[in-house]
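Below: the structure, in structure tokens.
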Amino acid sequence: MSSSSAQSAAPRRTPIWIGIGCFVVGLALTAFFVVRIVTTAPASPQPVGESQTPVTLEDKGLTIYSSIPVLEVPCRVKDAQAGDVAIVQSRNTEQITVNGDSWYVVARSQDPVPAGEYVVSCTDKETSATYAVGPRSSVLAFVLSIFGAIGSVLIFGALGAVLLTVGLLRRRRKPVGRVPGYAPPPGTPAPPMHSHPAPPPYTPGPNPDRPQDR
């Protein structure tokens, strides 16, 4: 009887446990994406000019920004040992806004160079663009991290709430008494039938108030 009751109670509790699991997974994913938002958030780039400007990068990689879109990137980058750092022009249009200033991503280091000291010079005689340098970053990764955090809260939160509601409703509708579909194991004796005998017929006794019974 106890094993059958446990087996019948398990399906009713399953949605509740799955709902709790959805909340836990949602919180874990949200925390992960929040960390990604912090790490991929665009930092304020360091302005550079025509002369060789020393730049200190605290994170690996290097990104070159311009104040307006440009067709060619007139910048050169050297590391602390005066070696050239290869850069590749960005094929996508990426724009960031930091402290009210808008910057366009125009180039990145070909390889994620380590953090350290670099010398950057940008000589642009064709446009009035100003240039700046910052760590290698991706605006797409930053945006995807934001959507990932929001999606984790909405999807797993809603799914967990639905499953918890279903599980609680099933528990409230639990039948009282024998579980439907329960069959006693073979060999179990039938419950005893308590039958009471009929009362004997009433026979009046002597009544001292009647003269014939005195």
Side-chain angles (χ1 to χ4, degrees), residues 1-46 57-69 88-109 111-115 132-185:
M1 179 67 180
S2 60
S3 60
S4 300
S5 300
Q7 293 176 359
S8 61
R12 288 192 297 271
R13 296 179 182 177
T14 299
I16 297 179
W17 290 113
I18 296 178
I20 295 174
C22 289
F23 282 123
V24 173
V25 172
L27 289 175
L29 287 177
T30 302
F32 168 77
F33 284 115
V34 168
V35 173
R36 288 287 299 165
I37 290 173
V38 173
T39 55
T40 59
S44 183
Q46 304 178 44
L57 298 180
E58 298 180 356
D59 297 320
K60 66 179 182 179
L62 182 143
T63 302
I64 299 177
Y65 302 89
S66 66
S67 58
I68 59 175
V88 292
Q89 189 167 349
S90 177
R91 298 180 180 179
N92 301 322
T93 303
E94 300 182 21
Q95 181 182 1
I96 64 172
T97 301
V98 182
N99 298 328
D101 297 327
S102 296
W103 296 96
Y104 295 86
V105 177
V106 293
R108 288 190 175 91
S109 58
D111 299 317
V113 295
V133 175
R136 184 183 178 93
S137 61
S138 174
V139 178
L140 180 61
F142 175 68
V143 174
L144 290 179
S145 298
I146 295 176
F147 282 107
I150 297 174
S152 299
V153 172
L154 294 180
I155 295 175
F156 287 95
L159 184 59
V162 170
L163 290 174
L164 282 178
T165 303
V166 172
L168 292 176
L169 290 177
R170 287 185 178 180
R171 292 188 64 179
R172 289 181 181 179
R173 295 175 182 176
K174 180 180 177 181
V176 180
R178 178 172 293 182
V179 179
Y182 168 76

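Heavy-atom minimum distance, Ala132 versus Pro45: CB-CB, 3.6 Å. Ala149 approaches Thr30 most closely through the heavy-atom pair O-OG1, 4.0 Å.
Distance check, rounded to the nearest 0.5 Å: CD1 of Ile37 to CZ of Phe147 gives 10.5 Å. To the nearest 0.5 Å, atoms CD1 (Ile16) and CG (Leu168) are separated by 5.0 Å. A distance of 8.5 Å separates CG in Leu144 from CZ in Phe33, rounded to the nearest 0.5 Å. The CZ atom of Phe23 sits 5.0 Å away from atom CG of Leu164, with the distance rounded to the nearest 0.5 Å. A distance of 12.0 Å separates CG of Asp111 from CG of Leu62, quoted to the nearest 0.5 Å. The CD1 atom of Ile155 sits 11.0 Å away from atom SG of Cys22, with the distance rounded to the nearest 0.5 Å.
Contact annotation: the side chain of Tyr65 approaches that of Val105 to within less than 4.5 Å [non-hydrogen atoms, C-beta and beyond].
Between Thr165 and the options Leu163, Val162, Leu169, a side-chain contact (heavy atoms from CB on, under 4.5 Å) holds for only Leu169.
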